[in-house]
Engineer: 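Dropping the structure in here first, questions after.
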Amino acid sequence: MEGLARVAGYTPRLVMNRICAEAGAGFAAVRFTTGGEEPADRVFEERCRRAGVRYVSLRSHFVRPKTSYMARLPDGGYDPHYGPAGTLAYAQAIAPVVESILSAAQRADGVHDILE
């Protein structure tokens with residue numbers, strides 16, 4: 001696995017997907033967003049699909065103006081990292097996927113579902 005990152009066609013998300021699969025862990029890729037569609041979104045999603053990597057689109061959870069999801073700076077400006085509203089939107093988008101990954105892992109291990 002160590003040399004995979006240097007093999008043609010292997011991307012970091014594909015390497016992580018493979019490492020997680022070998023360890024029996026779930027993996028999902030997301031692309032940071034504060035709303036709106038960016039041209040790179042579709043490219044990223046398609047590359048994940050072709051690589052067999054689970055992709056989670058966050059777009060539908062970021063429907064307000066972009067700045068409403070950003071952290072505020074002391075001078076009143078915006079930092080594009082998530083503030084409280086961005087963190088909440090992200091959590092709402094990713095929670096069902098995390099629950100699905102955990103449930104699948106627990107079923108595979110014969111462990112009772114702690115999410116119910």
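Both backbone and side-chain heavy atoms feed into the values below; hydrogens, waters and symmetry mates do not.
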Engineer: Tell me every residue that passes side-chain contact (heavy atoms from CB on, under 4.5 Å) with Ala28, counting only those two or more places apart in sequence or in another chain.
Structural biologist: Arg54, Val56, Val97, Ile101

Engineer: If you measure from CD on Glu99 to CD1 on Ile94, what distance do you get to the nearest 0.5 Å?
Structural biologist: 11.0 Å

Engineer: Taking side chain as C-beta onward, heavy atoms only, is Phe27 less than 4.5 Å from Val53?
Structural biologist: yes

Engineer: If you measure from CG on Leu58 to OH on Tyr90, what distance do you get to the nearest 0.5 Å?
Structural biologist: 6.5 Å

Engineer: Identify, with sequence neighbours excluded, every residue that meets side-chain hydrogen bond (donor to acceptor under 3.5 Å, both in side chains) alongside Gln92.
Structural biologist: none

Engineer: For the residue pair Ser68 and Ala85, what are the closest heavy atoms and their distance?
Structural biologist: O-CB, 3.4 Å

Engineer: Once rounded to the nearest 0.5 Å, what's the spacing between atom CG of Leu88 and atom OH of Tyr69?
Structural biologist: 9.0 Å

Engineer: Can you list everything that forms a side-chain contact (heavy atoms from CB on, under 4.5 Å) with Arg49? Sequence neighbours excluded, please.
Structural biologist: Glu46

Engineer: Which residues satisfy the side-chain contact (heavy atoms from CB on, under 4.5 Å) test with Ser57, sequence neighbours excluded?
Structural biologist: Tyr55, Arg59

Engineer: Per the salt bridge (Lys or Arg N to Asp or Glu O under 4.0 Å) rule, what does the pair list look like for residues 69-81, sequence neighbours excluded?
Structural biologist: none

